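Only one structure is covered here, and it is reproduced in the block below.
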Amino acid sequence: MKAADNAAGDDAARSDRQPRAAAAGSTAAGQPAAAQDRWDPRSVQDKWLVRWDALDPFRASEDPADDRPRYVLDMFPYPSGDLHMGHAEAWAIADAMARFHALRGDNVLHPIGWDAFGLPAENAAIRGNSNPADYTYRNIETQAASFRRYAISVDWTRRLHTCDPDYYRWTQWLFLRLYERGLAYRGDGYVNWCPVDQTVLANEQVIDGHCERCGAEVVRRVLTQWYFKITDYADRLLADMAPLEGKWPERVLLMQRNWIGRSDGAEVRFAIEGRDEPVTVFTTRPDTLYGATFFVVAADSPLADELCSPEHREQLKAYVAEVRKLTDIERQSTEREKTGVFLGRHAINPVNGERISVWAADYVLPDYGTGAIMAVPAHDQRDLDFARKFALTVRVVVDTGLPDPAETGVATPGEGTLVNSGPLNGLAKADAIARINEVLAERGLGKAAVSYRLRDWLVSRQRYWGPPIPIVYCDACGELPVPDEQLPVTLPDLRGQDLAPKGISPLAGATDWVTTQCPKCGGPARRDTDTMDTFVDSSWYFLRFCSPHYEAGPFDPEAVRRWCPVDLYVGGVEHAILHLLYSRFVTKALHDMGMLDFTEPFTALVNQGQVINQGKSMSKSLGNGVDLGQQLAEHGVDAIRLTMIFASPPEDDIDWADLHPDAMVRFLGRVARIAGDVGSRASGQVADGDQGLRRVTHRTVDEVTRLVEAARLNVAVARLMELTSATRKAIDSGPGAADPAVREAAEALTIMLSLFAPYTAEECWEKLGRQPTVTAARWPVAEPALLAEDQVTCVVQVAGKVRDRLQVPPGIGEDELRALALAAPGVSRALAGRAIRAVIVRPPKLVNVVPAEPAG
RNA sequence: GCCGAGAUGGCGAAAUUAGGUAUACGCGGAUUCCUCAAAAGAAUCUGCCCGAGAGGGCGUGCGGGUUCGAGUCCCGCUCUCGGCACCA
């Protein structure tokens, strides 16, 4: 917020100090450039902000006649302080795209809102003895003011905040719809617990064993929590990525694929001596079943306890206690030596009847597959390490041609021919898998199966600033959903120390709030005191934007049908497997409820790169942060936006230390001067204008259009710079400022530039005598006749090296071009009398003369 | 360890993604014009090496290959970045 105040204050001061720049637009055209002050894009900001406010040019139309809807969306900001460089980068990109489509006549929906629930506000409230809403809404206002000044082309009437009861009412509604379908459930399980934030976290929020928010090392706990059953959609989340191919960054698709982690294999039932029920394992290598020489269950699973013989109970207890002491990071280190205990029991290998020992170990995870594995030490390194530690049998069942793992200590997981495997002997891996699956199925001992790495989405949080989970507990009736008509379940007004983390939700302390009536029997009941993960809020916000004030449901189906799915989504890659996966899941779930007629929320995705400084990401501890407000105050909005866009392709990181906003100010000045120099009337006949400049203009329009469509914005700006130079030349040393082609060039330039530098573009538009604002202009269209070249440069090579150049008509014939090329002086010089072996002719651009022998 | 992406001047980056002028555009640097001077603007040059010049040689991480022709395609490396990581 400090930054915004600076920006505003400084801007005002500057515009007072530099009145002449603003006045320059009204001076007579053709005034010598040298007489003007340096263009200061800051000087016109206030003027245009007021005009845009009055005209409201970015309102998305609800008129059905506007039949070219286009939804451009930027990941909505979290209101922590004022905007930073990252926001400026992302919004510069999305805004250019939104403005482009609007100028092309599309009915653009480009909304803004705030992802306003979350921990920072809560922590600030504890420190400041206030309610998180105070901090949140204050920051939202600060950011909104900064966004307005940043000149983003959004429809402000659709603004939403996820912490408004009007919004989270529908987040709770979503929870209830998932609950009805069994997609929201309460269950026990291993959860990630952040000891600092005192709340559970979803798997996706744990980065390298640490809390995504505060960086504390996460510990595992068994707790009863609310989950969304995203695993039901694992297969569809994978399969539906096919149409996103080429529209989403490849690495995001890849990250999602890895995160979902589909494994194809088989389930195999192992009988356990002295136990009625067999235990099922999941394996990706059923072909190695004959090589299973022991059996391992996760030490900290109930199964280990069940299978343990009484004589070994003490050892297991001691071992589990040891395991519990380890952090997740230690536990999951592959370097660590294998540990485990024998459980005093045996399992029977179902295919060869062999008795194999049952062990408990921590290298088997309790929450993947079935929490139990068949160990095939010859062909799995982990099993081999364990077998060698405890002197267990290693039996090779796949001949890979590599040395015996029992001797080398190196397992052979690769392909080979099956041996020591009864009916599988002689088969290759794929055939063996098919065969054994048949056998298992026939005998009822197992079947082909799929397992996923993806876990259900843990959505409960033991914190205050989120949507309360709309469930009540009645002693008589049990767990009940809050009826729709009682939504929203609003937050009680807690503040300061009431919010301090204590391991259970702060809401539990609000006795009046917790105590409620059972919706079924009317008796006393208690509210669920957890709140939902903020990623639930953001998993559906793009739907709400279509009808943000709709009261009959989370969204007006008609409006969603009109705008969705989102045509272009711009945001950081940090959400590759969080927000983007959750949104895809929620979209599919709503689709299955018949509420949406599409299954993927975001048709195209652009990941903007980060803004870094001096090679490192900006951070307080490094002290290398760059303040956006200061940058804007110093160089102006247009220059900063343009700097971000021109620096690199949108998806690349940019290092602020390498960039030069001043250069962009200079460029904007050149454009502004051209607009001021144009000497023809707005009504003139363009066709009579200078053909050379017209060609450049139309070629630029054609190229820039294609470049922007492909989001190659940095190159688009480069083309605008070239057009600027060509126009300058035409004015100074060509047909002159009064030529209508100069006006045409200047107008096209202005419209195209408005994607990146809206203030300067408006000023130019006004200088060009156009009304009312460039936002109402139409994107220029290239005339095909002007795209055709009348002369092209033909390169003449000898032995692949350029030796001459010819100016030729584009339609030149092969024979004619060959003759011209062979007569070129550079060719005879390079040939130096050598005979010609071949002449490759590619009219009209290239001829390659191949001499009979190399030069020597 | 597994999976993926990338490597182009002093720097950020281009090369219409069917192989055909490598370094567009900008930064930085040099020289010049305008000016009493500066600022602002404008012009020219700027990959490396040899050469006064004309011109020539070498150049897209490294080594091979295909081709008349490779930054672009194929094979093998090196390095950098990102994701996953005891997931059976």
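Keep in mind the model is a prediction, meaning the values are calculated, not measured. Chain identifiers are assigned alphabetically (A, B, ...) following the order of the sequence lines, protein sequences preceding nucleic acid strands; residue numbering begins at 1 within each chain.
Qualifying side chain to side chain contact (heavy atoms under 4.5 Å, CB included) partners for A/I577, counting only residues two or more places apart in sequence or in other chains: A/M255, A/Q256, A/W259. Partners of A/D638 according to the salt bridge (charged side-chain N to carboxylate O under 4.0 Å, His left out) rule, which considers only residues two or more places apart in sequence or in another chain, do not exist here. Remark: A/Y363 pairs with A/F386 by the ring pair (Phe, Tyr, Trp, His ring centres under 6.0 Å) rule, at least two apart or across chains. Under the rule for a side chain to side chain donor-acceptor pair (under 3.5 Å), the partners of A/N192 that lie at least two apart in sequence or sit in another chain are A/N203.
Counting only residues at least two apart or on different chains, the side-chain hydrogen bond (donor to acceptor under 3.5 Å, both in side chains) pairs with a member in residues 448-458 of chain A are A/Y185-A/D456, A/T231-A/D456, A/D235-A/Y452, A/R262-A/Y452, A/D367-A/R455, A/Y368-A/S451, A/W457-A/D533. The side-chain hydrogen bond (donor to acceptor under 3.5 Å, both in side chains) pairs that include a residue from residues 643-659 of chain A are A/Q631-A/W656, where partners are two or more places apart or lie in different chains.
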Check: residues 717-726 of chain A side-chain donor-acceptor pairs under 3.5 Å, at least two apart:
| unit_1 | atom_1 | unit_2 | atom_2 | d |
| --- | --- | --- | --- | --- |
| A/R719 | NE | A/E703 | OE1 | 3.0 |
| A/R719 | NH1 | A/E722 | OE1 | 2.8 |
| A/T724 | OG1 | A/L720 | O | 2.7 |
| A/S725 | OG | A/M721 | O | 3.3 |

Donor-acceptor contacts, no H, no angles, side chain residues 792-807 of chain A, under 3.5 Å, sequence neighbours left out:
| unit_1 | atom_1 | unit_2 | atom_2 | d |
| --- | --- | --- | --- | --- |
| A/T793 | OG1 | A/Q807 | NE2 | 3.0 |
| A/D804 | OD2 | A/G826 | N | 2.8 |

Side chains of residues 291-300 of chain A: which donor-acceptor partners sit under 3.5 Å, not counting sequence neighbours?
| unit_1 | atom_1 | unit_2 | atom_2 | d |
| --- | --- | --- | --- | --- |
| A/T293 | OG1 | A/T393 | O | 2.7 |
| A/D300 | OD2 | A/R331 | NH1 | 2.7 |

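Across residues 718-725 of chain A, A/A718, A/R719, A/M721, A/E722 each have a non-hydrogen atom less than 4.0 Å from an atom of RNA chain B (numbered order).
Partner assigned to B/A14 is none, using Watson-Crick or G-U wobble distances below 3.5 angstrom.
Residue contacts for A/R455: at a heavy-atom cut-off of 4.0 Å it reaches a base atom on one of the strands shown.
Residues A/M241 and A/R257 meet the side-chain proximity criterion, which asks for heavy atoms closer than 4.5 Å.
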Can you pull every protein N or O that's under 3.5 Å from an N or O on nucleotides 80-86 of chain B?
| unit_1 | atom_1 | unit_2 | atom_2 | d |
| --- | --- | --- | --- | --- |
| B/C84 | O3' | A/R453 | NH1 | 2.8 |
| B/A85 | OP1 | A/R453 | NH1 | 2.5 |
| B/C86 | OP1 | A/Q332 | OE1 | 2.7 |
| B/C86 | OP2 | A/Q332 | O | 3.1 |
| B/C86 | O3' | A/R382 | NH1 | 2.6 |
| B/C86 | O2' | A/Y363 | O | 2.8 |
| B/C86 | O2 | A/K338 | NZ | 2.6 |
| B/C86 | N3 | A/K338 | NZ | 3.1 |
| B/C86 | N4 | A/R331 | O | 3.3 |
| B/C86 | N4 | A/R336 | NH1 | 2.9 |

Any protein N or O atoms within reach of nucleotides 63-72 of chain B? Criterion: under 3.5 Å, listing atom names and distances.
| unit_1 | atom_1 | unit_2 | atom_2 | d |
| --- | --- | --- | --- | --- |
| B/C68 | O2' | A/N848 | ND2 | 3.4 |
| B/C68 | O2 | A/N848 | ND2 | 2.6 |

